[in-house]
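Numbered from 1 within each chain, the chains take letters A, B, ... in sequence-line order.
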Number of protein chains: 2
Amino acid sequence: MTEPVVGRRERKKAATRQAIADAALRLFLERGYDQVGIRDIADAADVSTTTLFKHFSGKEALVFDQEQDVDAGLVAAVRERVAGESVADALRRYVLAHWLPIAGHPQRAEFVALVDTTPALRAYYEQMWTRHTGTLGAAIAAELGRPADDLACLTLARFVLDIPALTSTRPDRRAAVETIFELLRDGWNERTG
Amino acid sequence: MTEPVVGRRERKKAATRQAIADAALRLFLERGYDQVGIRDIADAADVSTTTLFKHFSGKEALVFDQEQDVDAGLVAAVRERVAGESVADALRRYVLAHWLPIAGHPQRAEFVALVDTTPALRAYYEQMWTRHTGTLGAAIAAELGRPADDLACLTLARFVLDIPALTSTRPDRRAAVETIFELLRDGWNERTG
DNA sequence: ACACAAAGTTGACTCGTTGCACTTTTGGAT
DNA sequence: ATCCAAAAGTGCAACGAGTCAACTTTGTGT
């Protein structure tokens, strides 16, 4: 095994961060986002508010501590796709396999409910996705040997990243995802249902 | 001429609102968004901060006073399209005709620069667009005799509303818009440039 | 053992935004 | 003409998020 080179210092730092994130999520779920102040969280984690803000950029960031690397999975899905599979298909497979199950989890449900019912969090969450457009677009372009800022690739990336917003309120999320990917593959067709 | 039915009351209210918006835009352009406080604007317009917030929902809204009814034009374009024209074509025509020229205007340039260089304004602006997804999607669906929350229609609406974000940094914005509409019409094609 | 840097504390401060109690204005009904 | 209720505006105090500067504590490398 590789001995972790991290000393007590970094471990304590990570512990503090975790304590803050845990306290925040617990309080948010208990009382609701708007009913919890930064000072409440800081007190619960037994740190000062200044320390809290050295670990997290803002109140919203406390909620999304875990889901930082959204694009990593997408980029990997595009790069390590099976031979002959198109980029769009790889993305479709990844989305169906990784984005749908999350909503089913028991504890994830109340987390999703928290985000959905809090406008500030909805807004922050949506922006999280669109912020990854550049990364995913560049990855797609690289696979196809096009320039990193190729418009078509960026557009595909953006459209794929729109999927969560478009499907979140649908009764059958899987069918919704399929519908959107069909539209992406075949284009907008006025005459079919 | 049609005598304006508005009394002194509404006229004064409108004047106050305009004074606030003018003062705000002037100060923002002079010093930059973050260097201007709400109290500065209220003072410049000679009103109290309370009054200011009765006219505008927040600091960002002061900047976008003029471009409220984004969706009205889009909805009209879809509804009053020429016979036989597809919804997608109508949207393409409207976007090419109405969204492109704006960027060319002289004073509009520094306004755009202000928005582009201020993260808070960029975020607010992007959300303005996506907020119209429901309206435009419903309008498209109505034209095609589909349910108002038809997923394909909402998706098309969303994708069209993504266009400003995708094309704003492009050297040739017209070509960029055309490219995206081609992608929307024909679907994502891996093999063509 | 020592010195330096990173982590944390404290308290006051800025700034957007809201609430409350109050005055002024104005349109309409009597 | 007059009076009233609603709308518009004011002043001020407050709240919560986030920042700042000076200071203390705690690891770490030498």
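- For dA17(D), the OP1/OP2 oxygens have no side-chain nitrogen or oxygen of Thr49(A) closer than 4.0 Å.
- Note on Ser48(B): a side-chain N or O is less than 4.0 Å away from OP1 or OP2 of dT10(D).
- Distance from the side chain of Lys13(A) is smallest for dA7(C) among the nucleotides dA8(D), dG8(C), dA7(C).
- Residue contacts for Asp40(B): at a heavy-atom cut-off of 4.0 Å it reaches no nucleic acid atom on any strand shown.
- Spacing between atom CZ of Phe53(A) and atom P of dC13(C) amounts to 19 Å, rounded to whole angstrom units.
- The NZ atom of Lys59(A) sits 14 Å away from the C1' atom of dT17(C) (whole-angstrom rounding).
- Ring geometry, Tyr125(B) versus Phe64(B): the interplanar angle falls under 30°, so the pair is classed parallel (tilted spans 30 to 60°).
- Of the candidate nucleotides dC15(C), dT9(C), dG16(D), dC15(C) has the atom nearest to the side chain of Arg39(B).
- When the C1' atom of dG16(C) is taken as reference, atom CG of Leu62(B) falls 11 Å away, rounded to whole Å.
- Taking only side-chain atoms of Lys12(A), from C-beta outward, the nucleotide of dG27(D), dT17(C), dG9(D) with the closest atom is dG27(D).
- The cationic atom of Arg17(A) (NZ for Lys, CZ for Arg) lies less than 6.0 Å from the six-membered ring centre of Phe56(A) and within 45° of the ring axis.
- Following rounding to the nearest Å, Arg8(A) (CZ) and dT28(D) (C1') show an atom-to-atom distance of 10 Å.
- Rounded to whole angstrom, the span from the CD atom of Glu60(A) across to the C1' atom of dG18(D) amounts to 11 Å.
- As a whole-Å value, the separation of Phe28(B) CZ from dC15(C) P is 13 Å.
- An OP1 or OP2 oxygen of dC12(D) is reached within less than 4.0 angstrom by no side-chain nitrogen or oxygen of Thr50(B).
- Residue Lys54(B) has no polar side-chain atom (N or O) positioned under 4.0 Å from OP1 or OP2 of dA8(D).
- You'll find the ring centres of Trp99(A) and Trp129(A) inside the 6.0 Å limit.
- dC15(D) atom P lies 16 Å from atom CD of Gln35(A), rounded to whole Å.
- Taking the centre and axis of the six-membered ring of Phe28(A), the NZ or CZ atom of Lys59(A) falls outside the cone set by 45° and 6.0 Å.
- Applying the 3.5 Å distance criterion, the base of dA5(C) shares a donor-acceptor pair with the side chain of Arg9(A).
- Closest contact between the side chain of His55(B) and the listed nucleotides dT19(D), dG9(D), dT17(C) involves dG9(D).
- The distance between atom CG of Leu52(A) and atom P of dG11(C), rounded to the nearest whole Å, is 18 Å.
- Counting heavy atoms of neighbouring residues, nucleotides and ligands inside a 6.0 Å radius, atom CZ of Arg79(B) does not exceed 12 of them.
- When heavy atoms are screened at a 4.0 angstrom cut-off, Asp34(A) is found touching no nucleic acid atom at all.
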